[in-house]
Amino acid sequence: PDPGLKVGVSQSQLDFLVAVYVGAFTRAPEYEGLKYWGGYLARELAQKNESDAFIALSKQMYSDGKGNGEGGTQLNDKSYVDFAYKNILGRAGDTGGVDYWNNQLSSGSIDRGSFVSKFVSDALGNPGDGEFLEARISVAKFAAQEKVSGPGSVGINLGSVIADVYDVSSA
């Protein structure tokens with residue numbers, strides 16, 4: 001990606017933001033959307049610690065995405081947990097993990113935005129599961145450049161650009 005892809009947050013925070021797009025909606029961000037949510041995250045970071053800012057961002061992005069019919073937002077909780085495992089980790093979930101998250105969501109202990117935040121953060125901190133997500137983040141950051149998906153660009157399909165990305169070599 002163009003090293004000029006600056007949205008007012010650090011590179012690791014930008015990676016988290018892009019990972020929320022990838023994990024929650026199965027697509028790369030477009031340039032204008034990335035700028036908007038980067039500004040949102042920067043404002044949250046000015047008021048909160050990083051973990052709380054990430055949760056606030058994920059909740060708001062999920063809520064707005066649901067209103068726009070993004071990704072798997074229309075799925076029931078069980079299907080959404082499966083969707084998240086596939087999009088964030090690139091694999092099916094283990095029975096214990098799937099049961100845990102389904103119970104957390106169905107009991108109301110956690111909302112979907114917080115679930116996405118926790119799931120993405122854990123994946124980015126786990127070398128085994130993180131490779132899948134990091135490869136998709138790299139390609140998604142390319143798609144989010146102004147010259148690729150910004151005003152006046154030819155544009156690309158933001159979902160298909162990450163569809164066949166599973167590791168560094170496929171990225």
Side-chain angles (χ1 to χ4, degrees), residues 1-48 50-51 53-75 80 83-91 112-113 116-127 129-171:
D2 180 350
L5 189 60
K6 306 260 189 252
V7 294
V9 297
S10 73
Q11 282 302 302
S12 64
Q13 293 161 346
L14 176 63
D15 286 352
F16 177 86
L17 169 56
V18 172
V20 171
Y21 267 99
V22 169
F25 306 138
T26 321
R27 70 174 182 89
E30 71 287 349
Y31 174 74
E32 293 296 329
L34 188 66
K35 278 185 14 184
Y36 173 83
W37 289 111
Y40 182 96
L41 180 56
R43 289 187 299 278
E44 291 294 321
L45 288 164
Q47 302 171 34
K48 301 175 179 153
E50 187 176 74
S51 178
F54 283 176
I55 291 168
L57 170 79
S58 297
K59 284 182 170 190
Q60 192 61 54
M61 281 183 72
Y62 184 86
S63 176
D64 288 2
K66 184 173 184 175
N68 292 324
E70 289 275 6
T73 59
Q74 307 306 317
L75 298 171
Y80 193 75
F83 175 86
Y85 268 94
K86 180 182 176 207
N87 290 312
I88 297 170
L89 304 181
R91 62 175 172 83
R112 287 195 186 180
V116 169
S117 179
K118 175 72 172 140
F119 218 74
V120 164
S121 293
D122 287 353
L124 290 173
N126 181 332
D129 285 329
E131 181 182 352
F132 175 82
L133 186 56
E134 288 169 7
R136 286 184 158 204
I137 290 168
S138 178
V139 173
K141 285 165 71 174
F142 174 81
Q145 295 177 95
E146 183 174 18
K147 64 185 175 191
V148 179
S149 63
S153 67
V154 174
I156 59 173
N157 182 310
L158 297 168
S160 66
V161 72
I162 62 166
D164 295 324
V165 176
Y166 303 101
D167 55 22
V168 173
S169 63
S170 62

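Throughout, residue positions are numbered sequentially from 1 according to the sequence presented. Quantities reported herein were computed from a predicted structural model and do not represent experimental measurements.
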Of all heavy-atom pairs linking Ser153 and Lys147, the shortest is CB-O, 3.4 Å

Looking only at heavy atoms, the pair that brings Pro29 and Ser149 closest together is O-OG, 4.2 Å

request  = Test side-chain contact (heavy atoms from CB on, under 4.5 Å) on Phe83 and Thr26 and set out the steps.
outcome  = CA-CA 9 Å; Phe83 175 86; Thr26 321; 2.9 Å; yes

What one should report as the nearest heavy-atom pair of Leu17 and Trp37 is CD1-CB, 3.5 Å

Worksheet item: Heavy atoms, side chains only, cut-off 4.5 Å: are Phe132 and Asp167 in contact?
Response: no

* Under the side-chain contact (heavy atoms from CB on, under 4.5 Å) rule, what do Tyr21 and Met61 come out as? Steps first, then yes or no, please. => CA-CA 8 Å; Tyr21 267 99; Met61 281 183 72; 3.5 Å; yes

pair Val22-Arg27: side-chain heavy atoms closer than 4.5 Å
no

Below 30° counts as parallel, above 60° as perpendicular, anything between as tilted: where do the rings of Phe54 and Phe16 land? parallel

(Q) If you define the side chain from C-beta out and look only at heavy atoms, does anything of Glu30 sit under 4.5 Å from Leu34? (A) no

Heavy-atom nearest pair, Asn87 first then Gly23, reads CB-O, 3.6 Å

Glu146 and Lys35 ion-paired at < 4.0 Å: no

Rounding to 0.5 Å, atoms CD (Gln13) and CG (Leu45) come to a distance of 4.5 Å

Tightest non-hydrogen contact, residues Ala171 and Ala135, listed as CB-O, 3.9 Å

Rounded to the nearest 0.5 angstrom, the CZ-CG distance for Phe119 and Leu133 is 10.5 Å

In this structure, CG of Leu41 is separated from CZ of Arg43 (nearest 0.5 Å) by 9.5 Å

| Tyr31 ring center within less than 6.0 Å of Tyr36 ring center | no

Side-chain heavy-atom pair Ile55, Ser117 within 4.5 angstrom cut-off: yes

Quiz prompt | Close side-chain approach of Leu124 to Ile137, heavy-atom, < 4.5 Å | solution = yes

Checklist entry - Are the side chains of Asp164 and Ser170 in touch, meaning some heavy atoms are under 4.5 Å apart? => result no

Between the CG atom in Asp64 and the OG1 atom in Thr73, the distance rounded to the nearest 0.5 Å is 11.0 Å

Of all heavy-atom pairs linking Val9 and Gly38, the shortest is CG1-O, 3.7 Å

Do Asp15 and Gln11 get their side chains close enough for a donor-acceptor pair, meaning under 3.5 Å?
no

Here the gap from Leu57 atom CG to Glu50 atom CD, rounded to the nearest 0.5 Å, amounts to 11.0 Å

OG of Ser63 to CG of Asn68, rounded to nearest 0.5 Å, is 9.5 Å

Donor-acceptor pair, Arg136 side chain versus Val165 backbone, under 3.5 Å? yes

